[in-house]
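Written below as structure tokens is the structure these notes are about.
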Amino acid sequence: GAGVSQSPSNKVTEKGKDVELRCDPISGHTALYWYRQSLGQGLEFLIYFQGNSAPDKSGLPSDRFSAERTGGSVSTLTIQRTQQEDSAVYLCASSLAPKETQYFGPGTRLLVL
Amino acid sequence: AQSVTQLGSHVSVSEGALVLLRCNYSSSVPPYLFWYVQYPNQGLQLLLKYTSAATLVKGINGFEAEFKKSETSFHLTKPSAHMSDAAEYFCAVSEGNTGFQKLVFGTGTRLLVSP
């Protein structure tokens with residue numbers, strides 16, 4: 001079956017612009033996660049969704065970052081007023097249930113100029 | 001707080017040689033431990049996981065890892081490397097008593113396999 005998909009695969013933006021990153025989880029997976037992979041910080045947890053709720057958003061680096069999930073499916077990660085330090089690969093993962101194996105998407109590579 | 005240390009950002013082996021990738025963890029509660037592999041321009045794929053059952057865990061592609069509580073280690077091994085094993089490998093830890101798997105990753109080890 002289809003895996004986790006993310007769009008766009010690559011995004012180049014100018015400092016100060018807003019960007020939206022999309023994640024389509026595996027159908028039927030109730031849990032969804034966002035991670036960030038950057039040269040300086042490695043792989044970091046950003047936020048976790050169970051259904052449409054986000055019980056843990058402790059990894060969001062600043063209030064410029066927000067995320068939502070609708071219909072228990074698609075999730076969007078929004079970064080407002082992008083900064084150069086936001087350049088990274090943003091990975092989405094989903095799991096059938098909160099303590100089950102996480103399946104990762106290919107990521108969105110974001111470059112802020 | 002949990003943390004993971006992976007010794008060696010790069011490991012080079014010859015095809016057919018033993019692969020050993022090191023991982024040490026820190027956790028105040030019994031952990032769940034994972035190894036993920038990442039091929040270029042792809043997401044992470046789970047190789048194996050330890051969730052407090054057998055201490056020797058077998059995964060996909062011939063990899064296995066042994067949980068050693070006394071050494072706080074979870075090293076990844078494979079008896080004979082293949083060219084296709086060349087990738088980046090991440091060790092991760094999650095607290096076993098939380099409501100979900102909040103993965104904390106190591107910095108990764110890039111495995112290079114030469115003919």
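Please read all numbers here as calculations on a predicted model, not as lab measurements.
- Residue contact with chain B, scored on non-hydrogen atoms closer than 4.5 Å, involves the side chain of Q37(A) exclusively.
- No more than 12 heavy-atom neighbours from other residues, nucleotides or ligands sit within 6.0 angstrom of CG on L39(A).
- Criterion: ILVMFWY side-chain heavy atoms under 4.5 Å apart, direct or through other members. Under it, L76(B) and F67(B) are part of a common hydrophobic cluster.
- The minimum heavy-atom distance between L103(B) and F104(A), with the atom names listed, is CD1-CZ, 4.5 Å.
- Few gaps surround CZ on F45(A); more than 12 heavy atoms of other groups in view lie less than 6.0 Å from it.
- Between Y35(A) and F105(B), the two ring planes are perpendicular [angle over 60°; tilted spans 30° to 60°].
- Taking CD from Q102(A) and CZ from F34(B), the interatomic distance works out to 7.5 Å, rounded to the nearest 0.5 Å.
- Cluster annotation: I60(B) and F90(B) are assigned to distinct hydrophobic clusters (Ile/Leu/Val/Met/Phe/Trp/Tyr, side-chain heavy-atom contacts under 4.5 Å, transitive).
- Only the side chain of L46(B) comes within contact range of chain A, with heavy atoms under 4.5 Å apart.
- In this structure, the portion of Q38(B) lying under 4.5 Å from any heavy atom of chain A is its side chain and not its backbone.
- With no hydrogens or angles considered, no side-chain donor-acceptor pair links T51(B) and K99(A) at under 3.5 Å.
- Within residues 80-89 of chain A, no residue approaches chain B closer than 4.5 Å by heavy atoms.
- No continuous path of hydrophobic side-chain contacts links L60(A) to L43(A) [ILVMFWY only; heavy atoms under 4.5 Å].
- Proximity to chain B (any heavy atom under 4.5 Å) is shown, for S95(A), by neither the backbone nor the side chain.
- Both F49(A) and L77(A) belong to a single network of hydrophobic side chains, linked directly or stepwise wherever heavy atoms of I, L, V, M, F, W or Y lie under 4.5 Å apart.
- In the hydrophobic cluster analysis, where Ile, Leu, Val, Met, Phe, Trp and Tyr join through side-chain heavy atoms closer than 4.5 angstrom, L33(B) is grouped apart from F100(B).
- Of all residues spanning residues 20-33 of chain A, those with a heavy atom less than 4.5 Å away from chain B's heavy atoms are Y33(A), arranged by number.
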